[in-house]
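Right, one structure below, let's go through it.
Quick caveat: nothing in here was measured; it's all calculated off a predicted structure. Side-chain atoms are counted along with the backbone in the values below, which use heavy atoms only and exclude waters and symmetry mates.
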4 protein chains.
Amino acid sequence: MIIMRSDATPEEVKEVVAKVEANGLKVHISEGSERVIIGAIGDGRPVVRDQFTLLPGVDRVMPISRPYKLASREFQPANTTFKLGPATFGGDQIVIIAGPCSVESRSQLIEVAEAVREAGAHVLRGGAYKPRTSPYAFQGLGQEGLELLAEARAVTGMPVVTEVMAPELVCKVADYADMLQIGARNMQNYALLTAAGEAQVPVLLKRGLSATIEEMLMAAEYILAHGNNRVALCERGIRTYETATRNTTDINAIPVLQELTHLPVLLDPSHSTGQWKYVTPIARAAIAAGADGLIVEVHPRPEEALSDGGQSLKPERFAEMVAQVRAIADALGRR
Amino acid sequence: MIIMRSDATPEEVKEVVAKVEANGLKVHISEGSERVIIGAIGDGRPVVRDQFTLLPGVDRVMPISRPYKLASREFQPANTTFKLGPATFGGDQIVIIAGPCSVESRSQLIEVAEAVREAGAHVLRGGAYKPRTSPYAFQGLGQEGLELLAEARAVTGMPVVTEVMAPELVCKVADYADMLQIGARNMQNYALLTAAGEAQVPVLLKRGLSATIEEMLMAAEYILAHGNNRVALCERGIRTYETATRNTTDINAIPVLQELTHLPVLLDPSHSTGQWKYVTPIARAAIAAGADGLIVEVHPRPEEALSDGGQSLKPERFAEMVAQVRAIADALGRR
Amino acid sequence: MIIMRSDATPEEVKEVVAKVEANGLKVHISEGSERVIIGAIGDGRPVVRDQFTLLPGVDRVMPISRPYKLASREFQPANTTFKLGPATFGGDQIVIIAGPCSVESRSQLIEVAEAVREAGAHVLRGGAYKPRTSPYAFQGLGQEGLELLAEARAVTGMPVVTEVMAPELVCKVADYADMLQIGARNMQNYALLTAAGEAQVPVLLKRGLSATIEEMLMAAEYILAHGNNRVALCERGIRTYETATRNTTDINAIPVLQELTHLPVLLDPSHSTGQWKYVTPIARAAIAAGADGLIVEVHPRPEEALSDGGQSLKPERFAEMVAQVRAIADALGRR
Amino acid sequence: MIIMRSDATPEEVKEVVAKVEANGLKVHISEGSERVIIGAIGDGRPVVRDQFTLLPGVDRVMPISRPYKLASREFQPANTTFKLGPATFGGDQIVIIAGPCSVESRSQLIEVAEAVREAGAHVLRGGAYKPRTSPYAFQGLGQEGLELLAEARAVTGMPVVTEVMAPELVCKVADYADMLQIGARNMQNYALLTAAGEAQVPVLLKRGLSATIEEMLMAAEYILAHGNNRVALCERGIRTYETATRNTTDINAIPVLQELTHLPVLLDPSHSTGQWKYVTPIARAAIAAGADGLIVEVHPRPEEALSDGGQSLKPERFAEMVAQVRAIADALGRR
């Protein structure tokens with residue numbers, strides 16, 4: 001949709017029309033009393049928008065169609081569902097992923113894993129490679145962390161999700177884990193998205209710190225376009241001016257995403273609030289808003305955690321959270 | 001807490017200490033290996049902070065105590081509760097306020113009022129004076145709108161809440177309405193807050209478009225400090241970079257406010273989303289997060305509404321929303 | 001511009017067309033391979049947009065024309081200029097407004113006024129009524145402050161600008177001051193904008209803390225539509241996630257406003273940075289970007305100021321700032 | 001600085017003190033009338049903050065020292081300067097980097113390179129690997145683009161800067177280019193920052209789309225901590241609620257960064273505005289605010305550009321921009 005300036009000349013309109021046609025697009029012209037509007041109708045192939053913006057007499061160019069396809073509900077009306085051990089993403093079930101922020105030791109990991117499984121979690125989370133703002137902070141156990149995760153899976157029977165931070169590590173991480181997490185800071189790391197798209201493992205894609213919902217769907221589109229359609233999206237709070245909480249939970253994103261895409265939508269109340277006190281109410285809110293699952297940080301002794309202790313629940317509080325979430329799910333007819 | 005620069009001289013420290021004492025504050029000095037930190041401990045009277053910031057050798061000044069008192073949980077640990085007709089704000093009950101954005105006519109108002117009462121609403125809302133971004137848009141019926149609201153109250157028995165936009169109208173609006181609404185654009189209109197504090201009517205204070213939680217509590221403090229303690233707070237979405245919804249519902253604000261203040265906390269899912277499709281899921285989320293009530297826009301024929309039609313529920317959808325919200329409230333042991 | 005869903009039926013298209021025509025608008029239909037787009041072309045009278053949004057089959061409604069008229073460059077291509085004592089707003093001259101945040105005493109005000117006049121300022125600023133976040137902070141001298149401002153004008157010959165916070169005070173403040181300031185917190189106080197529009201005094205309209213450029217122009221439109229066309233706009237920083245400065249100076253707003261409107265555009269580097277150290281570089285940047293003037297806080301002893309000391313320049317630093325700004329103005333051929 | 005709650009017991013205070021000492025930190029206690037504050041003074045080694053936050057009786061923990069060291073002015077008071085062909089970053093000289101967004105062909109690149117060199121640019125920019133929001137958009141020429149950049153350098157004698165997007169490409173890109181660019185989307189790609197730190201090539205680090213100034217300095221710290229101290233920082237606009245421009249130029253960041261760090265600071269007016277009309281005024285503002293240089297997109301026929309045409313200057317407009325920037329630099333005594 002190309003909107004001409006109110007003082008555009010007929011020659012300028014002609015030039016724009018010629019350019020539209022040169023791109024293989026169909027032209028529709030609306031002549032108002034104030035200005036001319038030119039519709040450019042294509043077949044879905046991408047067109048460089050600025051070529052029109054810059055022509056003389058053009059005021060603005062407004063895109064009409066959405067920039068993602070494979071991720072859209074228009075393309076696939078039915079929900080995407082996929083299984084991961086006892087969990088089915090995208091169906092009736094509320095999927096609960098839980099575990100420590102970082103894998104710190106064998107005993108810590110096994111202790112948490114057994115506690116969260118008992119409380120009702122379906123999938124175990126734990127970071128082996130940690131993106132840290134400071135180069136001086138604990139960066140994760142790396143390879144050793146992956147091995148401990150595999151061991152925790154063997155002991156507890158729970159599938160495991162862990163973050164991957166660089167494209168060349170995708171294959172290695174996929175050898176140990178059942179699901180790859182792409183973290184908020186890497187949501188637009190296109191080399192990594194491409195590598196994850198080529199892997200044959202489910203992906204948990206977290207929303208970038210200040211990504212729009214559309215950008216998140218475009219990031220998912222990268223993975224889908226490279227052949228992997230087992231993608232779950234995760235709202236984890238966005239950056240706003242409010243500093244009372246670490247991030248602002250964008251609860252609106254839950255119904256908006258469910259309208260726009262067929263992919264499962266989870267929420268991470270640990271990161272979206274940044275304080276353990278707020279995790280349970282926001283977990284309840286997420287399920288009430290219609291989310292398909294949760295990912296929650298749990299640590300047996302948060303005050304000793306090497307990262308994110310402040311937002312980690314103790315196992316007994318996590319069990320309470322699960323009970324409350326279950327009550328909400330029941331009230332809404334989910335399980 | 002006054003943090004000196006690492007290169008501050010002993011004379012500079014002395015000067016700051018003298019200034020602190022001159023303000024009648026007690027001094028505590030911490031000398032680290034890198035820098036000196038000076039604590040200034042007062043008795044709660046306000047102190048001009050910049051007088052210290054600007055002294056030579058000072059790096060930063062950090063406030064330790066919160067700037068509001070009457071509104072804080074520390075001041076009053078128990079919830080504030082107050083009654084308005086069949087509704088009790090701040091207790092176990094989920095209070096539901098509903099009605100049209102604008103009062104448009106007698107028949108429209110009575111039709112909506114009866115429909116929302118039947119669906120379970122406790123209080124009727126409706127705008128007589130409308131704050132509109134454009135000077136050319138419908139500005140509300142004014143005085144006539146107030147009279148219609150009073151009539152709707154007489155017919156339905158529901159108490160009425162309506163917005164007041166200027167201090168000189170507070171008395172007049174309070175003559176017709178049971179509760180005054182201070183809208184988002186006026187949250188820091190201090191003349192209006194002062195007038196509302198002097199009125200003896202409950203106040204519904206909406207969060208400013210980009211107000212922090214602390215600023216909202218400071219606005220409530222104005223009303224409380226002028227003698228009116230029947231104040232309910234209302235989260236209505238904040239402005240962020242995300243444009244998929246009109247505003248971003250700050251769901252975190254619900255548990256944060258309930259920790260910081262004893263005042264009742266409501267949520268307005270109509271404004272916080274801006275689209276009727278998202279109102280019900282966000283209403284559910286609000287109650288699940290612990291909100292004490294909701295304020296919702298309802299219109300019998302939204303496509304004919306003179307304002308906010310896009311975010312108004314039809315009466316039958318509102319009834320469904322109430323049923324779902326009730327199921328959530330039951331699951332959490334509220335009513 | 002009404003964009004239908006890709007699955008809209010011909011009946012739905014017909015219904016929308018009928019509704020457009022019922023509003024007295026002309027219809028243009030573009031039928032693409034994917035969807036139908038309906039143009040609704042009016043004569044400039046406002047139309048309620050949501051009446052179309054809610055019709056079945058409609059995907060989105062996109063406005064094409066801008067919502068303000070009198071404030072737009074299309075309506076008036078030439079710059080608005082007006083005089084205020086030695087200053088001409090909107091012409092070649094860089095107008096400099098300076099003075100204390102608050103009027104604190106006769107001696108303080110006269111001292112600052114003489115210092116800033118000597119350094120090259122054209123207009124004196126000073127707050128008599130102060131909008132303060134805390135009800136316990138200094139609220140300004142009120143009436144006495146107005147009288148002191150009038151006295152400072154008599155002594156120094158400088159015209160005076162001061163803030164007005166409530167509609168019922170507009171006439172009184174206009175009796176004492178040469179220009180009314182509408183502050184950031186009141187940019188959408190429509191009762192106040194209306195009163196300022198009816199007054200016959202120039203108005204300095206500051207951008208709201210999180211107002212868009214379009215909303216600022218709509219606020220100006222209120223004043224213009226009520227008959228007052230001597231309005232200057234003032235960028236004063238916006239609220240973002242960045243906390244290193246009190247606000248984020250939206251320097252882009254300078255060229256954007258100058259493209260969209262004929263009204264003069266000033267910048268307030270004191271509020272837009274919040275720290276005196278950054279005031280001079282940002283004042284230089286404003287003029288380099290093309291601003292028509294500056295409004296700057298100056299205090300002889302900032303560490304004793306009752307408000308905003310941290311962002312106030314001392315008179316000698318202000319004189320330096322004026323010299324540097326002058327050098328930039330010369331380099332760009334302004335004075 | 002650990003702030004206890006007003007109702008903390010002496011036992012809780014003792015427990016916190018013991019924990020502080022167990023971390024090898026010195027303790028300073030301030031006992032106010034309302035609450036106790038415990039200072040924990042270390043030797044600069046990182047400490048996990050949440051271990052204190054979570055102890056009983058603790059209200060908040062406030063960090064006093066800044067989290068970056070090598071990048072700070074306290075660590076190195078004098079400006080970092082380094083040479084790149086005819087340019088010296090961080091000195092008196094205003095460094096101008098210019099070129100096309102993407103390398104599109106040999107003739108396009110050589111044409112732009114010669115034009116910008118003639119107009120006064122010192123360094124050539126051009127993207128071989130392009131981070132694109134859409135997987136369907138032009139992704140850059142890759143290896144061929146690098147070869148063309150090397151050829152353009154041979155022909156024009158200008159040093160070359162180009163973006164690197166993945167850690168495993170750092171060595172390859174460093175073989176062809178004189179300076180590596182780390183783009184906004186990768187500012188917190190820690191694997192990439194580490195690889196760039198290990199390379200012996202200057203780095204141009206762009207601010208993330210919603211990174212704080214502190215986070216940008218932490219990203220620089222990663223590079224410095226891995227042994228590379230030739231780093232220039234680049235403000236390129238941040239994401240805010242304002243949509244009139246693609247990004248909001250954070251002009252305040254220029255003086256703030258120059259106070260906090262010794263690294264050179266550039267500004268990218270092409271990305272920070274997103275429209276060519278605003279590039280020149282914002283380039284002038286950047287230099288007036290004190291920036292050490294600019295990076296600008298230039299294309300001979302923007303309407304044919306494969307990316308970012310809308311924000312690219314034509315060569316003749318770029319020459320005008322350089323002339324205006326030079327006038328400002330002269331007025332401020334720089335060259």
>> Restricting to non-hydrogen atoms, name the atom on D/D250 and the atom on C/E242 that form the minimum distance, rounded to 0.1 Å.
In response: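 Closest heavy-atom pair between D/D250 and C/E242: OD2-CG, 4.1 Å.
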> What are the two closest heavy atoms between D/A289 and C/A285, and how far apart are they?
Replying inline: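 Scanning both residues completely, I find the closest heavy atoms to be CB-CB, 4.0 Å.
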Contact part of [X] toward chain D, heavy-atom cut-off under 4.5 Å: side chain, backbone, both or neither?
{"X": "C/A283", "answer": "neither"}
{"X": "C/L332", "answer": "side chain"}
{"X": "C/I282", "answer": "side chain"}
{"X": "C/R326", "answer": "neither"}
{"X": "C/D330", "answer": "neither"}
{"X": "C/E214", "answer": "neither"}

> Counting heavy atoms not belonging to D/E118, are there more than 12 under 6.0 Å from its CD?
Replying inline: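 Not buried by this count: 12 neighbours or fewer within 6.0 Å.
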> Around C/R246, counting heavy atoms of other residues, nucleotides and ligands shown, do more than 12 lie under 6.0 Å from its CZ?
Replying inline: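 Yes, because the 6.0 Å sphere around CZ of C/R246 holds more than 12 heavy atoms from other groups.
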> Who wins among D/Q258, D/R239, D/R207, D/Q275 for the most heavy-atom pairs under 4.5 Å with chain C?
Replying inline: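 Top option by heavy-atom pairs under 4.5 Å: D/R207.
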> Below 4.5 Å, heavy atoms only, C-beta onward: do C/T240 and D/I238 meet side chain to side chain?
Replying inline: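 Yes, their side chains come closer than 4.5 Å.
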>> Please classify the contact of D/T245 with chain C as side chain, backbone, both or neither, using a heavy-atom distance under 4.5 Å.
In response: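 Side chain of D/T245 only, per the 4.5 Å heavy-atom cut-off to chain C.
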> Highest number of heavy-atom pairs under 4.5 Å with chain D: which of C/P255, C/G237, C/A331?
Replying inline: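 Most heavy-atom pairs under 4.5 Å with chain D: C/P255.
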>> If only side-chain N and O atoms count, and only distance matters, is there a donor-acceptor pair under 3.5 Å linking C/N252 with D/T273?
In response: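 Checked: D/T273/C/N252 side chains show no N/O donor-acceptor pair below 3.5 Å.
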> Just by modelled atom types, is the C/A211 backbone N or O under 3.5 Å from a matching donor or acceptor in the D/Y241 side chain?
Replying inline: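 Yes; at least one donor-acceptor contact below 3.5 Å.
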> Could you give the distance from CD1 (D/I251) to OG1 (C/T248), rounded to the nearest 0.5 Å?
Replying inline: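 So the CD1 of D/I251 and the OG1 of C/T248 are separated by 11.5 Å.
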